[in-house]
Protein chains: 2
Amino acid sequence: MAKVQKTIAERLQDIQNELTRAERQLASSLLANYPMSGLSSITAVAEHAEVSTPTVIRMVRKLGFEGYPQFQAELRKELEATITTPITRHEKWAGNAPDTHILNEFTGVVVDNIQQSLSQIDPTVFDQACQLLSDQKRSIYITGGRITRALADYFFMHLQMIRKHVHNMESRSSSWPHYILDMNAGDVLVMFDVRRYENSSIKLAELAKNQKLKIILFTDQWRSPVSKLADLTLCSRISVPSAWDSSVVTLLLLEAIVAKTQKSTWDSTKNRVEELENLFDQTKFFRKF
Amino acid sequence: MAKVQKTIAERLQDIQNELTRAERQLASSLLANYPMSGLSSITAVAEHAEVSTPTVIRMVRKLGFEGYPQFQAELRKELEATITTPITRHEKWAGNAPDTHILNEFTGVVVDNIQQSLSQIDPTVFDQACQLLSDQKRSIYITGGRITRALADYFFMHLQMIRKHVHNMESRSSSWPHYILDMNAGDVLVMFDVRRYENSSIKLAELAKNQKLKIILFTDQWRSPVSKLADLTLCSRISVPSAWDSSVVTLLLLEAIVAKTQKSTWDSTKNRVEELENLFDQTKFFRKF
DNA sequence: CTGCTGGTGAAGTAAATATTTCAGAATAAA
DNA sequence: TTTATTCTGAAATATTTACTTCACCAGCAG
């Protein structure tokens with residue numbers, strides 16, 4: 001079994017007696033508030049320990065590094081390993097596959113994306129979005145682009161189960177004027193726009209703003225230009241090892257919004273959902289199991 | 001009481017809207033593994049984010065620092081405060097929300113679903129599915145149910161970019177005979193069927209079997225009855241704290257399949273994709289940024 | 001299409017950091 | 001005291017890093 005690499009701190013301790021006076025002075029200064037003190041420039045480190053810069057270099061070489069930058073890089077790596085243990089890293093997701101299998105690789109990145117996206121989301125924005133979508137006095141209009149069409153459909157279908165007045169806008173921008181004609185101030189426009197941002201989106205957002213609509217935008221980490229006009233923007237990380245981007249995080253957000261909206265409006269929507277279930281049962285279109 | 005100084009991460013979040021494209025790209029790169037990525041030289045940071053060094057300086061100035069070294073010093077200070085107070089265990093997904101917030105609850109369950117689904121997937125089944133879908137001699141037919149319609153559409157759109165002869169079957173079962181008429185032995189039928197399994201799915205699967213089609217089925221952990229007829233079955237865990245089920249894991253599988261299929265057929269599909277990109281460029285329908 | 005504006009990075013410059021050299025200080029042994 | 005040896009930092013040099021300038025190009029208003 002491979003020997004675990006010693007930390008720089010340990011190595012410093014080990015070679016203590018091979019060090020000269022000035023070097024020991026330096027070492028003790030470094031260990032004093034390890035490892036932060038090693039992250040500044042060689043000059044700062046030398047001054048802080050009250051030794052000369054050549055002393056720093058000589059000692060670093062005794063540790064086996066080629067030069068100060070190499071030493072510093074190692075220190076950074078060490079530090080990174082220390083602070084990034086927030087989640088137990090799954091080496092493998094698909095148990096039977098080697099961890100180089102695309103399933104494992106892909107899944108790892110997606111889970112990272114989830115974590116990072118979530119950590120950057122402002123929960124009040126999320127809550128406000130749910131708030132707007134629960135308000136039955138507002139009509140909801142949903143629109144997606146080439147890629148996000150499917151997400152828009154999915155969201156539409158679920159919202160439709162929860163509440164009235166949900167409209168799934170056609171993709172063709174020529175059909176938008178008809179929708180816009182019907183929109184009232186305070187209505188909500190849900191837009192999806194991810195990279196290869198569509199020119200038409202901006203136009204639509206502007207029209208909607210003129211009608212005093214509230215805009216909820218789902219976009220990627222680089223933010224569609226629509227975000228300047230949107231009232232609420234929710235960003236997802238979408239890069240994965242693939243020729244195309246991932247929609248997983250966005251879908252997760254949509255489902256979470258549906259879950260919360262459904263919970264908060266359960267009293268008023270309970271009947272609606274039950275009726276729907278009955279209708280499906282009656283058509284014998286679905287089997288129970 | 002004095003206002004607590006915001007962290008650089010928070011400040012970066014705050015000014016997102018005032019940032020330009022390249023700057024956002026940089027900000028996102030910095031936040032990606034914050035704060036370690038900010039501790040190397042300006043050159044390294046710029047390269048890592050794939051922007052130029054002037055962009056780094058400009059953004060750092062927008063944050064109110066005089067120059068990069070000042071920015072870096074602040075980061076170090078922040079990091080020092082963090083590591084000397086190791087309270088920062090990541091119990092939460094959405095950083096600012098309490099862990100009882102639905103975002104955290106929901107996300108936790110979804111990530112569990114991902115892990116469990118993946119651990120139960122046979123990678124050879126996954127590989128075989130990719131294999132079938134890469135084979136340009138076979139036509140592909142895709143069909144989804146009420147809930148899974150959006151997933152089917154999403155999959156269709158991506159496969160269509162990769163290869164020829166992909167067909168998105170209408171939902172109405174009355175239209176299926178037309179498709180079945182065109183199917184040849186060896187063609188592939190991709191089916192989606194999750195709970196509240198649809199009666200019509202079984203019928204379609206039987207018809208397809210008669211035509212000697214290969215069936216790839218996406219279903220839930222309890223398995224649609226179609227799985228008895230399917231050649232390859234891929235199951236996802238779908239329960240979440242919501243009135244409805246989650247499609248996140250299924251979407252993840254679809255994207256992974258697309259990624260692998262695209263990679264394995266890249267030589268032959270490269271031109272197809274590039275041509276497609278050109279067409280989109282020519283229609284000026286999308287903007288570059 | 002035309003001329004603007006603002007964002008961007010290549011290239012050049014300034015400033016620092018890192019490294020080498022070397023003279024002299026400190027130490028130890030004769 | 002000499003003499004050899006080792007250690008040290010000032011100063012010179014090499015290398016990187018930080019910053020500035022500017023031409024170019026995309027996007028956009030007219």
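In the text below, chain A, chain B and the rest are named by the order of the sequence lines, each starting its count at 1.
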In whole Å, I'd like the distance from the [atom1] atom of [X] to the [atom2] atom of [N].
{"X": "B:Q70", "N": "D:dC19", "atom1": "CD", "atom2": "P", "answer": "7 Å"}
{"X": "A:R21", "N": "C:dA28", "atom1": "CZ", "atom2": "P", "answer": "13 Å"}
{"X": "A:L26", "N": "D:dC7", "atom1": "CG", "atom2": "P", "answer": "15 Å"}
{"X": "A:Y197", "N": "D:dA26", "atom1": "OH", "atom2": "P", "answer": "18 Å"}
{"X": "A:E23", "N": "D:dT8", "atom1": "CD", "atom2": "P", "answer": "6 Å"}
{"X": "A:Q72", "N": "C:dA18", "atom1": "CD", "atom2": "P", "answer": "6 Å"}
{"X": "B:Q25", "N": "C:dG7", "atom1": "CD", "atom2": "P", "answer": "15 Å"}
{"X": "A:E198", "N": "D:dG27", "atom1": "CD", "atom2": "C1'", "answer": "18 Å"}

Side-chain ion pair, [X] and [Y], N-O less than 4.0 Å:
{"X": "A:K209", "Y": "A:D231", "answer": "yes"}
{"X": "B:D14", "Y": "B:R11", "answer": "no"}
{"X": "B:K62", "Y": "B:E23", "answer": "yes"}

message: Is there, by distance only and without an angle test, a donor paired with an acceptor across the side chain of A:R58 and the base of D:dG9 below 3.5 Å?
response: yes

[X] side chain N/O closer than 4.0 Å to the phosphate oxygens (OP1, OP2) of [N]?
{"X": "A:R61", "N": "C:dT20", "answer": "yes"}
{"X": "A:T53", "N": "C:dA18", "answer": "no"}
{"X": "A:T20", "N": "D:dT8", "answer": "yes"}
{"X": "B:S41", "N": "D:dT16", "answer": "no"}

query: Which atoms form the tightest heavy-atom contact between A:D220 and A:I238, and what is the distance?
result: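 The pair with the smallest heavy-atom distance is CB-CD1, 3.5 Å.
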
Nearest to the side chain of [X], heavy atoms from C-beta on, is which of [options]?
{"X": "B:P54", "options": "C:dT21, D:dT20, D:dC19", "answer": "D:dT20"}
{"X": "A:T43", "options": "C:dT17, D:dT17, C:dA11", "answer": "C:dT17"}
{"X": "A:V51", "options": "D:dC19, D:dG9, C:dA18", "answer": "D:dG9"}
{"X": "A:T55", "options": "D:dA18, C:dA18, D:dG9", "answer": "D:dG9"}
{"X": "A:A22", "options": "D:dG9, C:dA18, C:dG9", "answer": "D:dG9"}
{"X": "A:I57", "options": "C:dT19, C:dG9, D:dT17", "answer": "C:dT19"}

message: Taking salt bridge (Lys or Arg N to Asp or Glu O under 4.0 Å) as the definition, give me every residue that meets it alongside B:R149, ordered by chain and number, with sequence neighbours left out.
response: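 Salt bridge (Lys or Arg N to Asp or Glu O under 4.0 Å) check on B:R149 returns B:D153.
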
